[in-house]
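What follows is a set of notes on a single structure, which appears directly below.
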Amino acid sequence: MQSLPMPRRYLISSLLQPKPPLKLIKSLSHLKQIHAQLLTNDRLKSPPILAQLIQRFSSPLAPTHAHLILTHFHPPNLYLFNVLIRCTKPRDSIHLFAHWVSKSSLSFDDSTYVFVLGACARSCTAVSVLFEGKQVHARVIKHGFLSDVMVGTTAVHFYASNRDVGSARRLFDEMAVRSSATWNAMIKGYCSQKLKVGEYARDAFALFKEMLVSDVSGVTPTDTTMVSVLSAASQLGVLDTGTCVHGYIEKAIYTPELDVFIGTGLVDMYAKCGCLDSAMYVFKRMKERNVLTWTAMVTGLAVHGKGKQALEILDAMEAHCVKPNSVTFTSLFSACCHAGLVEEGLCLFHSMEREFGIEPLIQHYGCVVDLLGRAGHLKEAYSFVKDMKVEPDAVLWRSLLNACKVHGDVVMGEKVGKILLQLQQQTELSVVESSDVSEDYVALSNVYAYAERWEDVGMVRDMMKIKGIQTKPGCSSVQSFRGRLLDV
DNA sequence: ATAGGGTTAG
């Protein structure tokens with residue numbers, strides 16, 4: 001067994017201090033050793049000290065260790081159980097909770113439900129835990145914890161992050177007492193539906209207005225509210241509303257310096273609403289900027305076709321010691337794409353992995369394919385796809401198909417179009433919320449139309465009729481050109 | 001002695 005990095009006495013005494021130093025425990029073996037020491041010392045075998053240990057541990061605790069710790073207490077200790085639920089990975093906490101529900105030797109409290117529902121909200125990325133969360137919600141009702149504001153708020157957050165906006169709102173409306181955080185959870189829920197961007201942005205505004213006129217004491221918009229509302233304005237492309245929100249922030253939420261979160265939200269809002277000058281002005285005024293702030297600025301430059309300026313940001317970031325992340329590169333590629341900087345984009349793709357140590361994800365490959373395709377390098381784009389380390393997705397094929405159409409390559413267009421339709425048939429049954437189903441059929445039909453192969457056009461259109469696929473009308477989210485014109 | 005909410009993306 002390896003020796004402890006610190007003498008035992010020093011370590012335990014520092015744990016007993018009112019404010020133990022942060023990041024005291026670095027590795028799992030270190031944690032185990034301390035745990036062993038505590039177990040041999042009866043005086044120190046207390047839940048608060050173990051809780052400190054667990055919370056000072058830098059990474060989520062493995063479920064087996066969580067279990068081990070819990071079984072040392074007879075009867076089981078609720079406080080420690082809650083801390084463990086908080087300090088394991090979301091999915092592990094859900095399992096841990098389910099296990100102890102079946103043992104029925106603990107009667108849970110409000111904190112337990114806050115942590116479990118919070119875990120259900122956080123683990124929504126890959127596979128939905130809507131079913132598990134609903135069961136927790138049922139228990140909450142059964143045991144009378146729904147009247148607790150924090151439990152209710154977390155439940156709203158849970159439904160919204162699992163894409164069930166309707167249930168989130170129903171719960172929100174039923175709550176007798178709501179805090180600012182409750183309103184924030186619902187407003188945020190409307191703004192962060194990644195699969196349906198902008199679809200609930202108007203609901204977010206409506207709820208924000210209700211919040212403003214709410215006469216419940218203590219319920220006022222906070223910085224969190226404002227970040228969400230800015231995001232809603234940005235999604236809708238409503239510059240004048242966004243500007244009003246900015247005014248409200250300056251007036252109501254006074255801070256001597258622009259907060260990094262709100263500042264980033266403002267940069268994003270102005271850039272997406274077509275007002276790049278204002279975005280730059282806010283950006284320059286900010287004292288503290290993080291990766292997200294810089295990335296928002298890159299995105300702003302990218303959508304305005306300022307490719308060279310966007311690339312310069314990468315150097316500026318280095319000068320400010322801010323490391324770009326995966327998303328920053330997506331924005332940088334997008335900037336290259338919009339400005340037709342093919343060489344620069346390819347060069348960036350290689351340096352991303354070599355210099356910055358960021359592994360390319362599907363969206364990065366997608367950007368490069370888009371970049372090559374738009375510039376007319378269709379063969380290169382196709383062979384690039386064939387050499388990829390990950391499976392190409394529909395978005396990637398779609399951009400290649402579009403490039404084929406633009407550059408009149410019917411042969412490759414037909415090939416890619418068929419791959420797309422095949423891919424769609426595979427996902428049709430499993431993914432309910434697939435993006436515009438009609439797009440791929442229309443795109444393939446356009447490829448045939450370009451080649452004047454009318455029989456094939458008819459075939460695709462017939463397929464659409466049989467499958468009952470309807471085309472969607474196009475729309476623009478930018479409210480008016482007024483702001484843009486004033487800028488020029 | 002334990003708490004809920006935040007910005008970036010093809």
Side-chain angles (χ1 to χ4, degrees), chain A residues 18 46-52 54-55 77-87 108-118 121-122 148-158 160-161 178-189 191-192 194 197 221-231 234 259-269 271-272 286 289-300 302-303 324-335 337-338 361-371 373-374 393-400 402 435:
Chain A
S46 73
I49 292 176
L50 278 174
Q52 286 283 7
I54 296 155
Q55 288 173 99
N77 185 280
L78 180 64
Y79 164 63
L80 202 52
F81 175 78
N82 288 348
V83 170
L84 283 165
I85 288 272
R86 178 87 187 91
C87 297
F108 310 116
D109 63 4
D110 48 349
S111 295
T112 318
Y113 290 109
V114 166
F115 294 145
V116 179
L117 285 169
R122 272 178 285 129
D148 185 281
V149 188
M150 284 194 185
V151 174
T153 302
T154 316
V156 169
H157 174 51
F158 149 70
S161 48
R178 306 183 196 109
S179 68
S180 287
T182 318
W183 289 80
N184 290 348
M186 195 60 237
I187 293 172
K188 171 74 201 353
C191 301
S192 55
K194 300 281 181 216
V197 176
T222 65
D223 47 358
T224 306
T225 325
M226 300 327 292
V227 171
S228 293
V229 173
L230 282 174
S231 165
S234 144
D259 170 79
V260 64
F261 289 107
I262 287 184
T264 306
L266 282 169
V267 170
D268 170 60
M269 184 277 292
K272 295 253 178 74
M286 288 171 72
R289 307 177 193 123
N290 60 22
V291 209
L292 291 98
T293 321
W294 289 95
T295 304
M297 199 62 245
V298 173
T299 311
V303 297
N325 63 17
S326 225
V327 184
T328 318
F329 277 95
T330 311
S331 297
L332 285 166
F333 289 133
S334 147
C337 198
H338 285 285
L361 301 173
I362 186 68
Q363 59 263 49
H364 300 119
Y365 287 112
C367 289
V368 174
V369 169
D370 202 27
L371 180 68
R374 274 178 207 265
D393 66 354
V395 182
L396 184 146
W397 286 124
R398 219 166 275 151
S399 78
L400 187 57
N402 192 55
S435 57

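Protein chains get the first letters and strands the later ones, always in sequence-line order, with residue 1 at the start of each. Quick caveat, the model's predicted, so the values are computed rather than measured.
Between the CZ atom of Phe115(A) and the P atom of dA3(B) there is a distance of 6 Å, given to the nearest Å. The distance from atom CG of Leu117(A) to atom P of dT2(B) is 20 Å, rounded to the nearest whole Å. Between Met269(A) atom CE and dG6(B) atom P there is a gap of 20 Å when expressed in whole angstrom units. Rounded to whole Å, the distance from CG on Leu80(A) to P on dA1(B) is 14 Å. Taking atom NE2 of residue His364(A) and atom P of nucleotide dG10(B), one finds them 11 Å apart after rounding to whole Å. The CG atom of Leu332(A) sits 14 Å away from the C1' atom of dG10(B) (whole-angstrom rounding). Going from atom CH2 of Trp183(A) over to atom C1' of dG6(B) covers 19 Å, rounded to whole Å.
For Val395(A), whose side chain is taken as the heavy atoms from C-beta onward, the closest listed nucleotide among dG4(B), dG10(B), dG6(B) is dG10(B). Of the candidate nucleotides dG6(B), dT2(B), dA9(B), dA9(B) has the atom lying nearest to any side-chain atom of Thr330(A). Nearest to the side-chain atoms of Asp223(A) among the listed nucleotides dG10(B), dG4(B), dG6(B) stands dG6(B). Among the nucleotides dT2(B), dG10(B), dT7(B), the one closest to the side chain of Asp268(A) is dT7(B).
The residue Ser111(A) sits close to a base: some heavy atom pair falls under 4.0 Å. Thr112(A) comes within contact range of no nucleotide atom at all, as no heavy-atom separation falls under 4.0 Å. Among the heavy atoms of the strands, none lies under 4.0 Å from Ala51(A). At the heavy-atom level, Asp370(A) lies under 4.0 Å from the strands shown only through sugar-phosphate atoms. Across all strands, Asp393(A) comes closer than 4.0 Å to base atoms (heavy-atom distances). Residue contacts for Phe333(A): at a heavy-atom cut-off of 4.0 Å it reaches no nucleic acid atom on any strand shown.
Judged by distance alone, with hydrogens and angles left aside, Asp148(A) brings no side-chain donor or acceptor close enough to the base of dG4(B) to form a pair under 3.5 Å. With hydrogens and angles ignored, a donor-acceptor pair under 3.5 angstrom links the side chain of Ser179(A) to the base of dG4(B). For dG6(B), the base has no donor-acceptor partner in the side chain of Asn184(A) [N/O atoms by modelled type, under 3.5 angstrom].
A close approach under 4.0 Å does not occur between any side-chain nitrogen or oxygen of Lys188(A) and OP1 or OP2 of dG4(B). Put simply, Lys272(A) has a side-chain N or O that comes within less than 4.0 Å of OP1 or OP2 on dA9(B). For dA1(B), neither phosphate oxygen OP1 nor OP2 lies less than 4.0 angstrom from any side-chain nitrogen or oxygen of Arg86(A).
Each of Phe115(A), Tyr79(A), Phe81(A) was scored for a ring-ring contact (aromatic ring centres under 6.0 Å, His included) with Phe108(A), with one residue passing: Phe81(A).
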